[in-house]
Amino acid sequence: MGIEKLYPFDKIEPKWQEFWRQRRLFNVDTKDYRNKYYCLMMFPYPSAALHVGHGRNYIIGDAVARYKMMRGFNVLTPMGFDAFGLPAENAAIKGGLDPETSTLNNIRTMKSQFNRWGVEYDWEREVISCMPDYYKWTQWIFLKLYEKNLAYRKKAFVNWCPSCKTVLANEQVIDGLCERCSSEVTQKDLEQWFFKITHYAERLLSDIEKLTNWPERVKIMQRNWIGQSHGVEIDFKIDGMNEMLRCFTTRVDTIYGATFMAVAPEHPLVPMLIKGAKDEEAAMRKIQKMRDESKIARSDAKVEKEGIFTGRYVINPVNGNRIPIYVANYILMEYGTGAIMAVPAHDQRDFEFAKKYNLPIVVVIDDPANPLNAATMKEAYVSEGVMVNSGQFNGLLSTEAIDKIADYFEEKKYGVRATQYKLRDWLISRQRFWGAPIPIVYCPACGIVPVPEKDLPVLLPRNVEFKPTGESPLKFSKEFVNTKCPRCGANSKRETDTMDTFVDSSWYYLRYITPKLADKPFERTLVDKWLPVDQYIGGVEHAILHLLYSRFITKFLNDIGWVGFDEPFRNLFTQGMITKNGIKMSKSKSNTISPDDLIDKYGADTVRLYTLFIGPPEKDAEWSDRGVEGAYRFLGRVWRLVDKVKDLNCRAPSSSPQLTKDELALRRKTHQSIKKVTEDLDGGFHFNTAISAVMELVNQSYEVAALADEGRCGTAILKKAVESAVVLLAPFVPHIAEEMWQLLGNNGSIFTTSWPSYDSCIIVADMITIPVQINGKLRAKVEVPFDASEEDIKKTVLNDVDVQRWIKDSSVKKFIIVPKKLVNIVI
RNA sequence: GCCGAAGUGGCGGAACUGGCAUACGCGUCGGUCUCAAAAACCGAUGGUCGCAAGGCCUUGUGGGUUCAAUUCCCACCUUCGGCACCA
């Protein structure tokens, strides 16, 4: 079973790891920012052992860092741990250890795994988000936001996970289920802290354009999440009352077709509207029932539309029509104004509602191809068309009418143009123990008082029963809760909720530059030199949450003058996941592959090489144990080649001063390979094709080595080819590359030598083979000099026997020559 | 429903700006070495017809543009991802 040991990786790998650490190859002095390159991997949760799927992220990052190092950059690659949060807390509850101990244990395990992979970081900059010297500054960011009125407390219906016993941000609710535990999320009406991310909605959206080196799909996801729409806000006069009902619409062109109004059950005007209605009490009860229904259940389009007539009417400003106001379950209070003008003919939801409650349907946009009839319509007509029943706007295209009517509204003061976003403010309160305490004090006299900066950090208390009860565990720690008001000194209570961990991770990349600063979160002058991050690498699952929050915090810090840039990550790369048996590797699916066993068997370089060779790194890939063996065999093959070549005297071609055909070909291949690998790494992360290019070079070197054995070839070019292969492989398989580099007679680290360059003149061959097509089908190949004229090529082609056989007595209609590429003859 | 990505041998995948489809690796088959095995090395390997020379077909399906299409255009099918009563 066991594969034979092809080279002594178990001796080589620890040796070079030690060497890099002693030489401080990955330790950077950030004061020297010349030629800087900030290569950042998303810092992980300290979960238990890592599997090969996790490894992909770090291996890719390490390969990039090492490549950039060889290109002469001053590379900063720090690493840290996103150590607060539910996973750590839940794991701690299970393991019976307190979260801090279990978190620090996990961190230790993970670091030793990084070490064995040969994945190197500047550990002197390690950032651990659960340590007071870090979360002090997370709290500081809260205070700064509070100062600018961007952190606020309000009572709101919030997402509540009954299993995690905490509230969740909108972004943490997936299909109505908790992102972490998949329990059904319910609604709770609670006082909670929010960050006003909506204040930045427009900039977060428009600045996506600046992110030219982000994956398109991530940008699209962010755009959709922010969800901008342009429309008009219209105030409808409520008949018989001195009140206006404001609604938002993107389709003012349909205003003449509005036959009723619909408001959300939570709408503040509801009690007033319903007052004096026929069955006021019964109606109120029904509305209460709608409110109680979970937002998730209500926000499913398949749910039957329900409504109650309020007994009130509004006046449509464009035609004076009196239209009834309904309370309807499909109207969301969180979006727009919580009220809509309903146009059944041109909106499917309104259509369904109108059918159910027998409300009029008025067509105002007609389908020119297929005239509509309100009485027989089966569904709403939502496309564009020609305006009808719309007074002065009749005959216009509906697309043009949108602007015309909006102008008219603004002029008549019926309404104003407005922009709406789907993005909601970021709910950051969590009723859990393992997080950064929110630095707020409640004073009976002064009210909400922020903790002064000089009193930070607000320390998480020790020895707290941290099990989730639905209320923050911190409430039960008297020493923590009871405090003096920082303003007046009166006995006061601390806020006992902790912050969402996404707050911790929204600024950690700034801390790495000056990780030990005690009096500031970071040093602006240096941060401005090193950021934006040159390359950020991580999983696509963070496309919205972490990346959006980080962009928000960066923009905020930019606004208050703490950083000089407004986007944190210049280039983003999102790697695909590794699957086993077609599904994502995970402990719960028990389909994980441990890197430790593989490293024992084949060495870290093999695991690294296979991980990079498995396929395009941005795509998902299926793990194959056979593939690992293939990578191992290849390394063994290179190892033996180096062993063979290392002691050869670099004699020039013995017999003739001219290089042989094979030597020329190998030299050409060497330069082509350098070009290919360089372009693959510069143009994107095409590790798989870069590696296959080196494989080709190695294969061809073997052929020439066999000739050299027979004395039919010189060795200088062979040695150069092998040496190039070793250098090109170094970012991927650093340990064996260092060892082979040394065996070939070089001193020092391969990572301090410069990346090889290629000569474009050598890449082109003297003679080239040109395929000849006849009627578009490949029929022959001819050899011609590289710089042959079209005349010469034509002559050669027509003299070719195969070509003559195909042409026979047919006449040549067309003769197409693509220089240096191909010939096509049409007969 | 809307938005996006992707469909290429037995498998992972390659192919510049429209110019030799299947590089590289895995697997399989045959051979060398060996008492034998492993490792290594050499050779074959898209399908199909043919003794062979060679022919024909093939990049999800069907059309189109072109001397030439995996690549461009139109229609459709399938898979995956995101959003989804957002007015």
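Here is how names work: the chains are called A, B, and so on, in the same order as the sequence lines, proteins then strands, and each is numbered from 1. Small disclaimer: the values here were computed from a predicted structure and weren't measured.
- When distances run from any side-chain atom of Lys777(A) to the nucleotides rC56(B), rC24(B), rA87(B), the shortest one goes to rC56(B).
- Counting only heavy atoms from C-beta outward, the side chains of Tyr7(A) and Asp605(A) approach each other to under 4.5 Å.
- The residue among Arg349(A) and Trp806(A) whose nearest nucleotide of RNA chain B lies closer to the 5′ end is Trp806(A).
- Taking a pair to require two hydrogen-bonding distances under 3.5 Å in either a Watson-Crick or a G-U wobble arrangement, rC33(B) remains unpaired.
- Two residues are said to be in side-chain contact when any heavy atoms from C-beta on lie closer than 4.5 Å; Trp426(A) and Leu548(A) fail this criterion.
- Within the 4.0 angstrom heavy-atom criterion, no nucleotide atom of any strand lies near Thr337(A).
- Distance Arg779(A) CZ to rG54(B) P: 12 Å, rounded to the nearest Å.
- As a whole-Å value, the separation of Leu635(A) CG from rG25(B) P is 13 Å.
- Minimum atom distance to the side chain of Arg626(A) is reached by rU28(B), of the listed rU28(B), rC24(B), rA87(B).
- Phe634(A) places its CZ atom 12 Å from the P atom of rC41(B), with the value rounded to the nearest Å.
- In this structure, the side chain of Thr337(A) engages the main chain of Arg246(A) through a donor-acceptor pair within 3.5 Å.
- Look at the P atom in both rC51(B) and rU61(B): the space between them is 30 Å, to the nearest Å.
- Within the nucleic acid shown, Gly630(A) comes within 4.0 Å of sugar-phosphate atoms alone, with no base atom in reach, counting heavy atoms only.
- Here Asp350(A) lies out of heavy-atom contact (under 4.0 Å) with every strand.
- Contacts of Phe634(A) classified as ring pair (Phe, Tyr, Trp, His ring centres under 6.0 Å), with partners at least two apart in sequence or in another chain: none.
- Across the protein-nucleic acid pair, Ile340(A) atom CD1 and rC85(B) atom C1' stand 10 Å apart, rounded to whole Å.
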Could you list the protein-to-nucleotides 15-21 of chain B atom pairs, N/O on both sides, closer than 3.5 Å?
from	atom 1	to	atom 2	distance (Å)
rC20(B)	O2	Lys781(A)	NZ	2.5

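- When both distances must be under 3.5 Å, the Watson-Crick or G-U wobble mate of rU17(B) does not exist.
- When Watson-Crick and G-U wobble pairs are counted only if both distances are under 3.5 Å, rC86(B) pairs with no nucleotide at all.
- Not counting sequence neighbours, the partners of Asp253(A) by the salt bridge (charged side-chain N to carboxylate O under 4.0 Å, His left out) test are Arg251(A).
- The separation between Met341(A) atom CE and rC86(B) atom P is 14 Å, rounded to whole Å.
- Rounded to whole Å, the P atom of rU32(B) lies 11 Å from the corresponding atom of rA37(B).
- Applying the Watson-Crick and G-U wobble criteria (two distances, each under 3.5 Å), rA53(B) pairs with nothing in any strand.
- Look at NZ on Lys5(A): it is 15 Å from C1' on rA39(B), rounded to the nearest Å.
- Nucleotides rC67(B) and rG12(B) place their C1' atoms 36 Å apart, quoted to the nearest Å.
- In this structure, OH in Tyr602(A) is found 13.5 Å from NZ in Lys5(A), a value given to the nearest 0.5 Å.
- Counting heavy atoms from C-beta on, the side chains of Ile325(A) and Leu269(A) never come closer than 4.5 Å.
- The pairing partner recorded for rU45(B) is rG27(B), the criterion being a Watson-Crick or G-U wobble arrangement whose two distances lie under 3.5 angstrom.
- Going from atom CD of Glu334(A) over to atom P of rC86(B) covers 13 Å, rounded to whole Å.
- Base orientation of rG63(B): anti, the glycosidic angle falling outside 90° of 0.
- Across all strands shown, rA69(B) forms no Watson-Crick or G-U wobble pair with both key distances under 3.5 Å.
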Problem set entry | salt bridge (charged side-chain N to carboxylate O under 4.0 Å, His left out) between Arg417(A) and Asp403(A), worked out | CA-CA 10 Å; Arg417(A) 282 186 167 83; Asp403(A) 250 347; 2.9 Å; yes
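- Residue Asn775(A) is classed as having no contact, given no heavy-atom separation below 4.0 Å to the nucleic acid.
- A distance of about 5 Å separates the C1' atoms of rG46(B) and rG9(B), rounded to the whole Å.
- To the nearest whole angstrom, the two P atoms, one in rC11(B) and one in rA23(B), are 15 Å apart.
- Look at the C1' atom in both rA87(B) and rG81(B): the space between them is 27 Å, to the nearest Å.
- For rA5(B), the paired nucleotide is rU79(B), the pair qualifying as Watson-Crick or G-U wobble because both relevant distances are below 3.5 Å.
- Taking atom C1' on both nucleotides, rG82(B) is separated from rG63(B) by 32 Å, rounded to a whole Å.
- The ring pair (Phe, Tyr, Trp, His ring centres under 6.0 Å) search around Phe685(A) returns Phe573(A), Phe687(A), not counting sequence neighbours.
- Judged by closest nucleotide on RNA chain B, Tyr702(A) is the one of Tyr702(A) and Arg251(A) placed further toward the 5' end.
- Residue contacts shown for Arg223(A) are absent, as no nucleic acid heavy atom lies under 4.0 Å away.
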Donor-acceptor list for residues 341-350 of chain A side chains, cut-off 3.5 Å, not counting sequence neighbours:
from	atom 1	to	atom 2	distance (Å)
His346(A)	ND1	Tyr381(A)	O	2.8
His346(A)	NE2	Val364(A)	N	3.0
His346(A)	NE2	Ile365(A)	N	3.2
Asp347(A)	OD1	Arg349(A)	N	2.9
Asp347(A)	OD1	Arg349(A)	NE	3.1
Asp347(A)	OD1	Asp350(A)	N	3.1
Asp347(A)	OD2	Arg349(A)	NH2	2.5
Gln348(A)	OE1	Ala380(A)	N	2.9
Gln348(A)	NE2	Glu352(A)	OE2	3.4
Asp350(A)	OD1	Tyr330(A)	OH	2.7
Asp350(A)	OD2	Val343(A)	N	2.9

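- Nearest to the side-chain atoms of Tyr335(A) among the listed nucleotides rC24(B), rC86(B), rC3(B) stands rC86(B).
- Checking rA87(B), rC56(B), rG27(B) against the side-chain heavy atoms of Arg633(A) singles out rG27(B) as nearest.
- Of the candidate nucleotides rA40(B), rC86(B), rA87(B), rC86(B) has the atom nearest to the side chain of Lys422(A).
- Between Tyr610(A) and Ser624(A) the shortest side-chain heavy-atom distance falls below 4.5 Å.
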Between the protein and nucleotides 6-12 of chain B, list the N/O to N/O atom pairs that are separated by less than 3.5 angstrom.
from	atom 1	to	atom 2	distance (Å)
rG12(B)	O2'	Ile614(A)	O	2.6

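- Residues Leu635(A) and Leu6(A) fail the side-chain proximity criterion, which asks for heavy atoms closer than 4.5 Å.
- Atom C1' of rA15(B) sits at a distance of 31 Å from the matching atom of rA53(B), rounded to the whole Å.
- Residue Gln228(A) contributes atom CD, which lies 16 Å from atom C1' of rC83(B) at whole-angstrom precision.
- In this model, no side-chain donor or acceptor of Arg637(A) finds a partner on the base of rC41(B) within 3.5 Å.
- Few gaps surround NZ on Lys356(A); more than 12 heavy atoms of other groups in view lie less than 6.0 Å from it.
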